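Structure provided below as structure tokens; questions to follow.
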Amino acid sequence: MSSILLCLGLVACGGDGGPDRPGGSPSAVQSGGPTRSGGTAQPGDGSGRPGGPAVSGEPAAPDGSSGAVVGDGRTGAPSTWGTGEVRTERPSALPAQLVSLRSARNTVDGVPFDRLVLEFRGGVPGYTAGYVDEVIRPGSGAPLPLEGAVHFEVVVTPAAMHDEAGNSTLTTPPTGGGLPALTSYAVAGDFEGYVHLGIGLENRVGFRVVELRNPDRLVIDFAG
């Protein structure tokens, strides 16, 4: 009788391979990296401390538009809120053209955050986004001046900010900012298939990276 009760207890507790948790236990979320499974990005920096707001649904762009979340190119999910570097490789025969840079203050469910949007023509390229000691201009090796105590760099490739004739494809100013968390941003370089962007922040805060379509956009959200 005791063995029968023990078996019933294990089933009631949702043992290994239960209907809500296939395989027994959920996957861990990595700091600053992509989520291991699809769904809404959750707050945190991998230490159990909140790293950013929990934003549900499809993120709204600063211009009020929205689009399907494409994610990190592997899982279909946006990167988690965190402070670690986020990287996605996406080889392509032709570079995507950067056509717009814009930033705005957003609030979802009462939680504010600053958003930077990179809009492309020809798809969203691969990217690396993360905190750095300083942003260096490619080619010259000179540091990029930025307003803000903390520096953040975004590098997209294969990408360009000019057409085949050498004319700029950017239809917005290459600099901006002035937000509570995101104090400044500036293009650091457009060099050999890489576009470098420097961002100045007031503090080292949690961030996430999201891809949107129609039009093609790479979005970086900063908590605060």
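Model, not experiment: these values are computed from the prediction.
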Taken to the nearest 0.5 Å, the spacing of T157 OG1 from E89 CD works out to 10.0 Å
Sorted by chain and residue number, the side chain to side chain contact (heavy atoms under 4.5 Å, CB included) partners of P143 (sequence neighbours excluded) come out as E134, I136
> With a 4.5 Å heavy-atom cut-off, do L179 and S103 have their side chains touching?
Replying inline: yes
Apart from V135 itself, its cluster of hydrophobic side chains linked below 4.5 Å comprises V132, L144, L146
Residues joined to Y194 in its hydrophobic cluster, side chain to side chain under 4.5 Å directly or through other members, sorted by chain and number, are V155
Residues pairing under ring pair (Phe, Tyr, Trp, His ring centres under 6.0 Å) where one sits in residues 132-154, two or more places apart or in two chains, turn out to be Y131-F152, F152-F207, F152-F222
key: Test item: I220 and L118 side chains (from C-beta on) under 4.5 Å apart, heavy atoms   = yes
message: Is there a side-chain contact between D114 and D221 in this structure, where contact means two heavy atoms from C-beta onward sitting under 4.5 Å apart?
response: no
Here the pair of heavy atoms bringing E202 nearest to P180 is CG-O, 3.5 Å
Closest heavy-atom pair, P95 versus A160, reported as atoms and distance to 0.1 Å, is CB-N, 4.2 Å
Output for pair (E211 CD, Y127 OH), nearest 0.5 Å, gives 4.0 Å
Self-check item: Audit row: R217, R102, side-chain contact (heavy atoms from CB on, under 4.5 Å) steps and yes/no
Solution: CA-CA 11 Å; R217 288 159 288 163; R102 55 188 183 271; 3.7 Å; yes
Those residues at least two apart in sequence (or on a different chain) that pass side-chain hydrogen bond (donor to acceptor under 3.5 Å, both in side chains) with T172 are none
Connected to L94, directly or through other members, by ILVMFWY side-chain contacts below 4.5 Å are none
Query raised in the report: Cut-off 3.5 Å, side chains only: do T88 and R90 have a donor facing an acceptor?
Result: no
Taken in chain and number order and not counting sequence neighbours, the residues that satisfy side chain to side chain contact (heavy atoms under 4.5 Å, CB included) with S140 are R137, A142
Using a 4.5 Å cut-off on heavy atoms from C-beta on, say whether the side chain of T80 contacts that of R208. no
P138 and A188 have their tightest heavy-atom pair at CD-O, 3.5 Å
* Is any side-chain heavy atom of R105 less than 4.5 Å from a side-chain heavy atom of P112? -> yes
Next item on the list: Is it possible for you to say whether V205 and V150 belong to one hydrophobic cluster, with membership spreading through side-chain heavy-atom contacts below 4.5 Å?
Entry: yes
Applying side-chain hydrogen bond (donor to acceptor under 3.5 Å, both in side chains) to R121 and not counting sequence neighbours gives Q97
Q.
Taking the basic N atoms (NZ, or NE/NH1/NH2) and the acidic carboxylate oxygens, is any pair closer than 4.0 Å for E85 and R87?
A. yes
Salt bridge (charged side-chain N to carboxylate O under 4.0 Å, His left out) filter on D190, not counting sequence neighbours, yields none
Taken to the nearest 0.5 Å, the spacing of L197 CG from L116 CG works out to 6.0 Å
Residues 153-193 vs ring pair (Phe, Tyr, Trp, His ring centres under 6.0 Å), sequence neighbours excluded, gives none
Contacts of A165 meeting side chain to side chain contact (heavy atoms under 4.5 Å, CB included) (sequence neighbours excluded), chain-then-number -> D163, N167
ask   = Can you find a pair of side-chain heavy atoms, one from I199 and one from L182, that are under 4.5 Å apart?
value = yes
Tightest non-hydrogen contact, residues F120 and A96, listed as CD2-CB, 4.0 Å
Next on the checklist: I'd like to know if the side chain of T183 and the backbone of G200 have a donor-acceptor N/O pair within less than 3.5 Å.
Outcome noted: yes
- Message: Closer than 3.5 angstrom, by distance alone: can the side chain of T169 be matched with the main-chain N or O of L98 as a donor-acceptor pair?
- Response: yes
Query raised in the report: Any side-chain heavy atom of V209 within less than 4.5 Å of one from L218?
Result: yes
